[in-house]
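As structure tokens, the structure follows; a few thoughts come after it.
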Amino acid sequence: MKAIYPGTFDPLTNGHVDIIERGSKMFSSLLVAIAENKRKKPLFSIAERVEMARESLVHIPNVRVEPFSNLMIHFMKENGINIVLRGLRAVSDFEFELQLALMNRKMYADCETVFLMPSSKYIFLSSSMVREIASLGGDVSCFVPSPVFKRILEKCKEDCYDNQK
Ligand code: ADP
């Protein structure tokens, strides 16, 4: 069985990796699908997010990373996938996730959503928190895989340089 794990991954965190590692053991293949999501004005470009995720997930052979910019159910059909994997951290995630799962099923009747809970140490971790801490000069090395940490440091240097101009 093939599954898709969609998200913005701006950037990929250890919480995402935890869900991906669990999912990769349940499904024959797992497609990590990175949404371009211009509406959210991501910090990292789609190319950067894909590259960081590929480098961080290279140790899992049945995981593939691809970008997408169309409707997710269309992308799923193009790839012959009908299972969506999502991570659930707290009750606060549930309402949005339920709405998303039911909307997807309304548009694609065979679409099933599977929720996995991460290890408790990642329950409070989010990409937005990582971006916020990093932008204020905090150390995020324990929250993200090392290829992501490297890019965050580079991005901070670029920003400092831009501010000096
Ligand atoms: P989106 O833009 O769809 O919210 P994200 O990249 O933020 O995309 O998240 C993708 C998926 O990963 C969502 O199902 C989200 O709930 C889940 N997720 C995010 N952070 C964590 C975490 N720390 N532990 C488990 N799941 C997570």
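Note that ligands are numbered from 1 as they come in the structure, with each ligand's atoms numbered from 1 the same way.
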Taking N or O atoms only and a 3.5 Å limit, does [X] qualify as a polar contact for ligand 1?
X      : value
Gly7   : no
Ser127 : no
Gly87  : yes
Arg86  : yes
Asp10  : no

Just so I know, are the side chains of Arg151 and Pro11 near enough to count as touching, which here means a heavy-atom distance under 4.5 Å?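 Not in contact.
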
Pairwise side-chain contact, Val144 with Leu12, heavy-atom cut-off 4.5 Å (strictly under):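 SC-SC contact between Val144 and Leu12 ruled out.
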
Going by the order shown, which atoms of ligand 1 are within less than 4.0 Å of some heavy atom of Ile19? 25 (C), 26 (N)

Pro6 neighbourhood, listing ligand 1 atoms whose heavy-atom distance to it stays under 4.0 Å: 10 (C)

Tell me whether the count of non-hydrogen atoms from other residues, nucleotides or ligands lying under 6.0 Å of [atom1] in [X] goes above 12.
X      : atom1 : value
Glu95  : CD    : no
Met107 : CE    : yes
Arg105 : CZ    : no

Please report which non-hydrogen protein atom sits nearest to [atom], along with the residue it belongs to and the distance in Å to one decimal place.
atom                    : value
atom 21 (C) of ligand 1 : Arg89 CD, 3.5 Å
atom 24 (N) of ligand 1 : Pro118 CG, 3.3 Å
atom 19 (C) of ligand 1 : His16 NE2, 3.4 Å
atom 12 (O) of ligand 1 : Tyr5 OH, 2.6 Å
atom 6 (O) of ligand 1  : Phe9 N, 2.9 Å

Just going by heavy-atom distances, which of Met117, Lys40, Arg49 is nearest to atom 1 (P) of ligand 1?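 Selected option, by shortest heavy-atom distance: Lys40.
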
For atom 2 (O) of ligand 1, which candidate among Ile20, Asp18, Thr8, Leu125 provides the closest heavy atom? Thr8

Does a salt bridge link Asp10 with Lys40, judged by any charged N lying under 4.0 Å from a carboxylate O?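 Looking at Asp10 and Lys40, the cut-off is not met.
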
Check ion pair Arg64-Glu66 (N to O, under 4.0 angstrom): yes

Is there a path of hydrophobic side-chain contacts, each under 4.5 Å between heavy atoms of I, L, V, M, F, W or Y residues, that connects Met26 with Tyr122? yes

Aromatic Phe27 / basic Lys2 pairing, under 6.0 angstrom, 45° off normal: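 No, cation not above the ring by the 6.0 Å, 45° rule.
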
